[in-house]
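Keep in mind it's a predicted model, so treat the numbers as computed, not measured. Residue numbers begin at 1 in each chain, while the letters A, B, ... track the order of the sequences.
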Amino acid sequence: MKIATWNVNSLKVRLPHLLDWLATTQTDVVCLQELKCEDKAFPLADIEAAGYRAVFNGQKTYNGVAILTRAETCGEPLDVVRNIPDFEDEQRRIIAATVKGVRVVCGYFPNGQAVGSEKFEYKMRWLAALTDWLRGELATHSQLVLAGDYNIAPEDRDATPEWQDEIHVSVPEREAFGALVALGLADAFRLFEQPEKSYSWWDYRMMAFRRNIGLRIDHLLVSAALREQVSACVVDQAPRKLERPSDHAPVVLTLTSDRLAV
DNA sequence: ATGTCACGGGCACCGTGA
């Protein structure tokens with residue numbers, strides 16, 4: 001069973017890439033971020049025709065998240081939650097669903113713009129609310145994955161040396177990432193030996209992808225019960241090399257599915 | 001190099017967000 005996270009930066013623009021990628025990789029669960037479309041504009045028919053089911057939490061212009069499941073292997077996403085309960089938020093950044101007994105939480109974490117800005121304060125409040133809510137989710141779902149665009153590079157090796165901005169690498173953001181890990185989650189990517197300078201996002205400008213100037217900000221954190229079933233976690237750079245790509249590449253987690261509770 | 005995209009408003013291109 002493969003679970004992926006991918007910030008597509010406009011689902012409308014990236015739909016052909018997404019459909020090609022689903023057909024090629026047969027990924028079972030796909031968490032999408034930055035849909036930039038309202039629910040009524042969600043391309044459900046195309047996605048269902050590709051053999052997937054989808055639940056989504058959309059917003060015009062900004063944000064928007066979805067969980068896709070391959071119908072043949074996973075059926076429908078169940079027990080869907082949109083946004084963080086008890087956290088007032090106009091922005092559509094969270095969707096959660098249960099897939100084959102795994103609680104899948106898909107998040108588009110706030111960017112934060114600049115350390116100390118109003119948007120940064122929102123990012124930190126949002127992270128605290130997410131952490132509080134997930135504590136309860138973990139109490140009722142031993143098998144949980146938190147997948148998404150975290151907009152946090154957790155360690156120095158996750159940020160290109162050229163990255164001078166404090167945002168995404170600041171101490172408070174990394175402490176918030178640490179608070180999520182302290183809930184009992186593990187960064188699936190770091191369970192394995194990885195190439196140096198592994199990133200998941202590259203700025204569109206300055207030929208950053210060609211020069212591999214990027215950040216690793218897209219993550220899949222797994223609960224202890226899921227961790228023992230993780231057999232691989234990789235960044236799939238192929239879609240970033242296409243014409244008109246998203247600025248993010250998908251990150252894909254592989255589970256040995258024989259021991260998943262249903 | 002304030003360098004690239006995507007979007008909305010509104011119909012040419014500019015402001016915003018990333």
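- If you take atom C1' in B:dT2 and the same atom in B:dA18, they sit 14 Å apart, rounded to whole Å.
- Atom NZ in A:Lys123 sits about 16 Å away from atom P in B:dG17, given to the nearest Å.
- Distance check on atom P: B:dG3 versus B:dG8 gives 22 Å, rounded to whole Å.
- Looking at A:Asn151, its side chain does come within 3.5 Å of a backbone N or O of A:Phe109 through a donor-acceptor pair.
- Regarding A:Phe209, its CZ atom lies at a distance of 22 Å from the P atom of B:dG3, rounded to whole Å.
- Under 4.0 angstrom from either OP1 or OP2 of B:dA6 there lies at least one side-chain N or O belonging to A:Arg244.
- Among the nucleotides B:dG3, B:dA18, B:dC7, the one closest to any side-chain atom of A:Lys12 is B:dC7.
- DNA chain B is contacted by both A:Pro110 and A:Lys60; A:Lys60 maps to the nucleotide lying nearer its 5′ end (nearest heavy atom per residue).
- Of the side-chain N and O atoms in A:Arg14, none sit less than 4.0 angstrom from OP1 or OP2 of B:dC5.
- Atoms CG (A:Leu11) and C1' (B:dC5) sit 16 Å apart, rounded to a whole Å.
- Atom-to-atom, CG of A:Asp149 to C1' of B:dG17 comes out at 13 Å; the value is rounded to the nearest Å.
- Placement of A:Tyr52 and A:Leu78 in two distinct hydrophobic clusters is found when ILVMFWY residues are connected by side-chain heavy-atom separations under 4.5 Å, directly or transitively.
- The A:Asn9 side chain lies nearest to B:dA6 when the options are B:dC7, B:dG3, B:dA6.
- Looking at the side chain of A:Ser10, the nearest of the listed nucleotides B:dA6, B:dG17, B:dG9 is B:dA6.
- Atom NE2 of A:His168 sits about 14.5 Å away from atom CZ of A:Phe177, to the nearest 0.5 Å.
- Taking atom CD of residue A:Glu118 and atom P of nucleotide B:dA18, one finds them 13 Å apart after rounding to whole Å.
- Following rounding to the nearest Å, A:Asn63 (CG) and B:dA18 (C1') show an atom-to-atom distance of 11 Å.
- When the P atom of B:dC5 is taken as reference, atom CG of A:Asn7 falls 16 Å away, rounded to whole Å.
- Comparing the P positions of B:dC14 and B:dG10 gives a spacing of 16 Å, expressed to the nearest Å.
- For the pair A:Met206 CE and B:dG3 P, the interatomic distance rounds to 11 Å; values are reported in whole Å.
- A:Val115 is connected to A:Tyr150 through a chain of hydrophobic side-chain contacts under 4.5 Å among Ile, Leu, Val, Met, Phe, Trp and Tyr, so both are in one cluster.
- Here the separation of B:dA12 from B:dC7, taken at their C1' atoms, is 15 Å to the nearest Å.
- Hydrophobic cluster membership is shared by A:Leu180 and A:Ile217, with clusters built from Ile, Leu, Val, Met, Phe, Trp and Tyr side chains linked at under 4.5 angstrom.
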